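Comments concern the structure below.
Because the structure is a prediction, the values reported are computed rather than measured.
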Amino acid sequence: MNREELIKKWLDNNLNTEEQKAFKLLEDYNNLTKMDASLKGFKAPKFSVEKSYRTLKPQLKPEQSSSKKWLKPLLRIAAVVAIALSVYIYTSNLDTEINTFVAEQNTIALPDNSTVELNANSSLSFNENSWADNREVKLNGEAFFKVAKGQQFDVITSSGTVTVLGTQFNVKERESYFEVTCYEGLVGVTHNNKTITLKPGQTFAFIDGKLLANEKENAVQPNWLHGESSFKSVALKHVITEIKNQYNVSINVEDIDTSRLFTGSFTHNNLDLALKSVTIPLNLSYSKSGQSILLKRE
């Protein structure tokens with residue numbers, strides 16, 4: 001049986017065991033099956049066999065009775081091509097999305113050789129097909145960016161947009177917490193329809209509805225890249241959230257004001273040491289039960 005007949009029977013789901021073996025030996029078997037997998041669940045454009053036949057009929061020779069034998073396979077192939085084209089258009093508009101879990105970090109190479117270090121419990125998405133004309137990523141969580149020089153590069157978050165041309169900076173966007181720190185070059189931050197420019201060492205922080213003044217940052221990279229989370233006058237509730245992002249635990253509090261400010265840091269590789277680093281300066285204690293932790297006053 002030739003290739004065309006095998007494909008026709010495959011389209012009809014009518015291959016027997018021997019024909020199935022022969023079909024798998026076709027050179028384009030993998031491409032055909034991948035296309036079939038991509039089409040599952042995808043709603044194909046409406047295709048009318050009768051309408052297509054009426055379009056083709058004037059070009060057909062009526063005296064050839066054999067024409068009906070190849071017309072139906074031809075129309076099937078045309079339908080497959082139409083579906084494949086629709087799938088291509090659909091998938092080319094899809095974003096690439098990368099997610100990290102609790103206690104996980106990931107390094108992402110963007111199409112222009114810019115790199116992103118994605119912190120725990122975060123997500124980043126971008127469209128590779130439109131990247132040459134639109135360098136834009138969407139961030140939920142925290143990430144450190146090294147942006148290759150070129151046209152405008154935007155980091156879009158629910159709290160604001162960070163715009164650069166080529167630089168190094170850190171963006172942290174979690175619930176009620178938006179912070180951008182510039183480490184190299186210039187960074188534009190648009191928040192509530194206002195734009196400010198950050199120079200190296202400067203930070204923009206909008207936390208719990210308040211714009212905070214920050215001391216100059218002397219580090220060349222954020223500490224979380226080296227396994228440590230650091231805070232300067234940040235409410236305890238945000239510190240607790242970050243502990244949960246770095247360790248697979250649940251944390252409850254008992255008779256504690258979680259709006260108390262904390263300045264300090266905790267490690268990402270030792271839970272007890274991390275808890276002591278936070279509780280001791282605040283005169284708190286903690287107890288553990290499995291993956292559950294209770295914080296309380298001493």
Can you classify the ring geometry of F169 versus F153 as parallel (below 30°), tilted (30 to 60°) or perpendicular (above 60°)? perpendicular

Quick one: does any side-chain atom of Q151 pair with a main-chain N or O of A132 as donor and acceptor, under 3.5 Å? yes

Does K276 reach the side chain of F266, with side-chain heavy atoms less than 4.5 Å apart? no

State, to 0.1 Å, how close A235 and S259 come at their nearest heavy-atom pair, and which atoms those are. CB-O, 4.0 Å

Do V171 and L211 belong to the same hydrophobic cluster, where Ile, Leu, Val, Met, Phe, Trp and Tyr are linked whenever their side-chain heavy atoms lie under 4.5 Å apart, directly or via other members? yes

Shortest non-hydrogen separation from A274 to T267 and the atoms involved: CB-O, 3.5 Å

Residue pair R297 / L284, side-chain heavy-atom distance below 4.5 Å: yes

Does the side chain of Q152 reach to within under 4.5 Å of the side chain of D154, using non-hydrogen atoms? yes

With a 4.5 Å cut-off on side-chain heavy atoms, are E175 and K237 touching? no

Shortest non-hydrogen separation from S123 to N99 and the atoms involved: CB-OD1, 3.0 Å

What verdict does the side chain to side chain contact (heavy atoms under 4.5 Å, CB included) test give for V137 and V116, after you've listed the backbone C-alpha separation in whole Å, the side-chain angles of each residue and the deciding distance to 0.1 Å? CA-CA 10 Å; V137 301; V116 183; 5.8 Å; no

Taking all atoms of both residues into account, what is the closest heavy-atom pair of Q202 and T197, and its distance? OE1-O, 3.8 Å

Salt bridge E179-K232, side-chain N to carboxylate O under 4.0 Å: no

OG-NZ distance between S229 and K172, expressed to the nearest 0.5 angstrom: 6.5 Å

Derivation of the side chain to side chain contact (heavy atoms under 4.5 Å, CB included) call for Y247 and I293: CA-CA 11 Å; Y247 295 95; I293 297 170; over 6 Å; no

Is there a chain of hydrophobic side chains (I, L, V, M, F, W, Y, each step under 4.5 Å between heavy atoms) that links I207 to V162? no

In Å and rounded to the nearest 0.5 Å, what is the CD1 to CD1 distance from I240 to I256? 7.0 Å

Roughly how far, to the nearest 0.5 Å, is OG1 of T203 from CG of N170? 9.0 Å

Rounded to the nearest 0.5 Å, the CD1 atom of I98 sits from the CG atom of L118 at a distance of 8.0 Å

Ring centroids only, cut at 6.0 angstrom: are H238 and F231 within range, meaning strictly under it? no

Within a radius of less than 6.0 Å around CD of E104, do more than 12 heavy atoms belonging to other residues, nucleotides or ligands occur? yes

Quick one: do I156 and F178 end up in the same hydrophobic cluster if we chain Ile, Leu, Val, Met, Phe, Trp and Tyr together by side-chain heavy atoms under 4.5 Å apart? no

Mark yes or no for whether H268, through its side chain, and A103, through its backbone, hold a donor-acceptor pair below 3.5 Å. no

Audit row: E173, N140, side chain to side chain contact (heavy atoms under 4.5 Å, CB included) steps and yes/no: CA-CA 6 Å; E173 195 280 322; N140 182 13; 3.7 Å; yes

Measuring from L110:CG to F126:CZ, what's the distance to the nearest 0.5 Å? 5.5 Å

Please report the shortest heavy-atom distance between V234 and V239, naming the atom on each side. O-CG2, 4.3 Å

F262: ring pair (Phe, Tyr, Trp, His ring centres under 6.0 Å) partners, not counting sequence neighbours: none

Qualifying side chain to side chain donor-acceptor pair (under 3.5 Å) pairs, either residue in residues 110-121, two or more places apart: T107-E117, D112-S114, D112-R135, N119-E142, N119-Q246, N121-N245

Distance from L271 atom CG to K288 atom NZ, nearest 0.5 Å? 5.0 Å

For E128, look at atom CD and say whether over 12 heavy atoms of other residues, nucleotides or ligands are found less than 6.0 Å away. no

Consider only side-chain heavy atoms of I, L, V, M, F, W and Y, link residues closer than 4.5 Å, and tell whether L275 and V278 are in one cluster. yes

What pair of heavy atoms forms the shortest contact from R174 to G141, and how long is it? NH1-CA, 3.8 Å

Side-chain heavy atoms nearer than 4.5 Å, only ILVMFWY residues, links allowed to pass through others: does that put F204 and Y177 together? no

P200 backbone acceptor or donor facing K216 side chain under 3.5 Å: yes

Might you work through the side chain to side chain contact (heavy atoms under 4.5 Å, CB included) test for L186 and K199, ending with a clear yes or no? CA-CA 5 Å; L186 296 176; K199 297 178 180 180; 3.8 Å; yes

For the side chain of T263 and the backbone of S233, is there at least one donor-acceptor N/O pair under 3.5 Å apart? yes

